[in-house]
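Remarks on the structure that follows.
Just so you know, residue 1 is the first one in the sequence shown, and it goes up from there. What you are looking at is a predicted structure, and each value in this text was computed from that prediction instead of being measured. Indexing begins at 1, ligand by ligand and atom by atom, following the structure's order.
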Amino acid sequence: MSYRLPMHQRMANALSYGEFRIFYQPVVDLQTGAVVGVEALCRWPQRDDTFTAPETFIAQAETSGFIVQLGEWVMRSSIEQVRQWQQRFNTPLGLAVNLSGRQFLHYNLVKSIEDATRAVTFAPQSLEFEITESVAMHNAEDSIGIMRQLKALGISLALDDFGTGYSSLAYLKRFPIDKLKIDKAFVRDIPDDNNDLAIVSAIIAMAHALDLRVQAEGVETEAQMEFLRDIGCEYAQGYLFGRALPSEDFALLLAERAASR
Ligand code: C2E
Ligand code: MG
Ligand code: MG
């Protein structure tokens, strides 16, 4: 494919030629150490064996509107994959899918989710959508309406990258969400940085007071994991537990875990 084609055209071609990939990153229950879920993360492999970073192409896809198609593909493919793992490994593995702003506000979102979960008989209770706080806050009243419809389907909702955008605490109380995901920027320097310790502790205390679960992103060290676990953070993901892996490699990880159960 010519690199002179505009990016949105190259993305559309890549999708029709089946070139996009989904990598899966484990989500761990900090009390038990069990892998309880995965986050689906989109990858765009290039000819030279490198990957275009999602930060680049997701933003472009958002601008051109292509994210609606790409996101639908991510949702359908990852649902199919996780359903297969649930059966093969006999586990209630959860699936988290990122929703961009454009997708979130797309008029057809709820219908396409219903279709996707019905098509493969995937329990909506196994599905979680991650919405960044900036997206949720951008049009907060509309967001609440859409969130309610998703909740009515039985799907869980998480606020992604929490703490990096601007959040109105008044809305936080009104959003029908289940979980806050603490951004990796706050996790990186714990337990050494006293400010980050204070921020993370405060987020967890606030979340629990609002009856929300908490998931830490970017957990890379034992010390971070122990601190988070000891102050009651429920879930974590990060290189300490595993990077985002291609599905074949993730299946191996699940097989190892199943064998040691
Ligand atoms: P995100 O949803 O916050 O995903 C977490 C990012 O942190 C992922 O980057 C993941 O690989 C990375 N990460 C995980 N553990 C660690 C760690 O221990 N240390 C560090 N430094 N990083 C870690 P990735 O895969 O490059 O994705 C970047 C962003 O692109 C995602 O952030 C998400 O906002 C977006 N994205 C990825 N796939 C999709 C998709 O299918 N749809 C939409 N709308 N957005 C997506
Ligand atoms: Mg995410
Ligand atoms: Mg995040």
Side-chain angles (χ1 to χ4, degrees), residues 11 14-15 19-28 30 35 37-45 50-79 81-82 94-106 109 112-113 116 127-136 138 156-165 167 177-190 203 214-225 228 233 235-247 249-250 253:
M11 277 192 282
L15 186 62
E19 290 172 8
F20 282 101
R21 291 280 168 272
I22 301 173
F23 279 26
Y24 296 89
Q25 185 175 36
V27 174
V28 168
L30 281 176
V35 173
V38 296
E39 178 171 2
L41 293 160
C42 192
R43 295 284 180 271
W44 186 11
T50 59
F51 290 100
T52 304
E55 262 93 6
T56 314
F57 69 83
I58 296 286
Q60 279 276 343
E62 176 82 21
T63 312
S64 69
F66 177 67
I67 191 70
V68 174
Q69 273 163 278
L70 182 63
E72 168 111 18
W73 174 81
V74 170
M75 182 174 66
R76 284 180 178 271
S77 316
S78 58
I79 284 177
Q81 178 62 78
V82 170
L95 165 65
V97 176
N98 293 284
L99 277 189
S100 80
R102 194 99 169 221
Q103 255 179 303
F104 182 59
L105 295 171
H106 192 258
L109 174 72
S112 78
I113 294 163
L127 187 58
E128 177 173 85
F129 282 126
E130 299 190 359
I131 304 153
T132 63
E133 58 177 346
S134 330
V135 165
H138 178 65
S156 304
L157 299 174
L159 220 46
D160 204 354
D161 303 345
F162 185 76
T164 56
S167 266
I177 52 173
D178 303 279
K179 191 193 267 181
L180 292 187
K181 289 189 72 175
I182 304 181
D183 193 79
K184 48 184 173 293
F186 302 110
V187 174
R188 191 177 51 223
D189 295 328
I190 57 173
I203 293 176
V214 186
Q215 183 166 322
E217 298 182 325
V219 177
E220 298 183 359
T221 69
E222 291 282 340
Q224 291 166 344
M225 186 274 286
L228 289 161
C233 180
Y235 306 104
Q237 65 189 115
Y239 299 160
L240 178 68
F241 313 104
R243 292 183 180 248
L245 298 169
S247 50
D249 296 340
F250 198 86
L253 183 146

For this session: Answer yes or no for Arg188: is there a heavy-atom contact with ligand 1 below 4.0 Å?
Result: no
Problem set entry | Nearest neighbour of atom 28 (C) of ligand 1 from the list Glu55, Gln224, Glu220, on a heavy-atom basis | Glu55
Exercise. Parallel, tilted or perpendicular: which fits the ring planes of Phe57 and Trp44, with parallel below 30° and perpendicular above 60°?
Worked result: perpendicular
Exercise. What is the closest protein heavy atom to atom 38 (N) of ligand 1, and at what distance does it sit?
Worked result: Cys42 N, 3.0 Å
For this session: Consider only side-chain N and O atoms of Gln237 and Gln25, and report whether a donor and an acceptor are under 3.5 Å apart.
Result: yes
For this session: Name the orientation class of the two ring planes belonging to Tyr24 and Phe250 (parallel below 30°, tilted from 30 to 60°, perpendicular beyond 60°).
Result: tilted
Exercise. Any protein heavy atom lying closer than 4.0 Å to atom 42 (N) of ligand 1?
Worked result: yes
For this session: For Arg243 and ligand 1, answer yes if some heavy atom of the residue is under 4.0 Å from a ligand atom, otherwise no.
Result: no
Exercise. Without hydrogens or angle criteria, can the side chains of Asn98 and Gln103 be said to hold a donor-acceptor pair below 3.5 Å?
Worked result: no
For this session: Look at Asp160 and state whether any of its N, O or S atoms is less than 2.8 Å from the Mg ion (ligand 3).
Result: yes
Exercise. What angle, in degrees and rounded to 10°, do you get at the Mg ion (ligand 2) when you join it to OE1 of Glu130 and to OE2 of Glu39?
Worked result: 90°
Exercise. Got the closest protein heavy atom to atom 10 (C) of ligand 1, with its distance?
Worked result: Leu41 CD1, 3.9 Å
Exercise. What's the verdict on side-chain contact (heavy atoms from CB on, under 4.5 Å) for Arg21 and Cys42, showing C-alpha distance, side-chain angles and the deciding distance?
Worked result: CA-CA 6 Å; Arg21 291 280 168 272; Cys42 192; over 6 Å; no
Problem set entry | Check: Val27 and Val38 side chains under 4.5 Å, non-hydrogen atoms | no
For this session: Could you check atom 15 (N) of ligand 1 against the protein and tell me its nearest heavy-atom contact, residue, atom and distance included?
Result: Gln25 NE2, 2.9 Å
For this session: Looking only at distances, please establish whether an N/O atom of ligand 1 is found under 3.5 Å from an N/O atom of Gln237.
Result: no
Exercise. Are Glu220 and Arg243 within salt-bridge range, i.e. N to O under 4.0 Å?
Worked result: no
Seminar exercise, completed: of all protein heavy atoms, closest to atom 26 (O) of ligand 1 is Pro54 CG, 3.4 Å
Problem set entry | atom 34 (O) of ligand 1: nearest protein contact (heavy atom, Å) | Asn98 OD1, 4.5 Å
Problem set entry | Residue selection (non-hydrogen contact nearest atom 18 (O) of ligand 1) among Phe23, Tyr239, Phe51 | Tyr239
For this session: Between Lys181 and ligand 1, find which residue part has any heavy-atom pair under 4.0 Å and reply side chain, backbone, both or neither.
Result: neither
Exercise. How does Asp160 reach ligand 1, if at all, at less than 4.0 Å between non-hydrogen atoms: by side chain, backbone, both, or neither?
Worked result: side chain
Exercise. Starting from atom 7 (O) of ligand 1, which protein heavy atom do you reach first, and at what distance in Å?
Worked result: Lys184 NZ, 3.0 Å
Exercise. Does Thr132 bring an N, O or S atom to under 2.8 Å of the Mg ion (ligand 2)?
Worked result: no
For this session: Mind checking whether Asp161 contacts ligand 1 via backbone (N, CA, C, O), side chain (CB onward), both or neither, at a 4.0 Å heavy-atom cut-off?
Result: side chain
Exercise. Of the backbone and side-chain N, O or S atoms of Glu217, does one lie nearer to the Mg ion (ligand 3) than 2.8 Å?
Worked result: yes
Problem set entry | Minimum-distance N/O/S atom that Asp161 presents toward the Mg ion (ligand 3) | OD1
Exercise. Do any N/O atoms on Ile58 end up under 3.5 angstrom from N/O atoms on ligand 1?
Worked result: no
Exercise. Could you walk me through whether Phe23 and Phe51 pass the ring pair (Phe, Tyr, Trp, His ring centres under 6.0 Å) check?
Worked result: CA-CA 12 Å; Phe23 279 26; Phe51 290 100; 5.5 Å; yes
Exercise. Which of the atoms in ligand 1, numbered in the order shown and given with their element, are less than 4.0 Å from a heavy-atom of Gly238?
Worked result: 15 (N), 18 (O)
Exercise. Hey, is the main chain of Thr164 close enough, under 3.5 Å, to the side chain of Glu133 for a donor-acceptor pair?
Worked result: yes
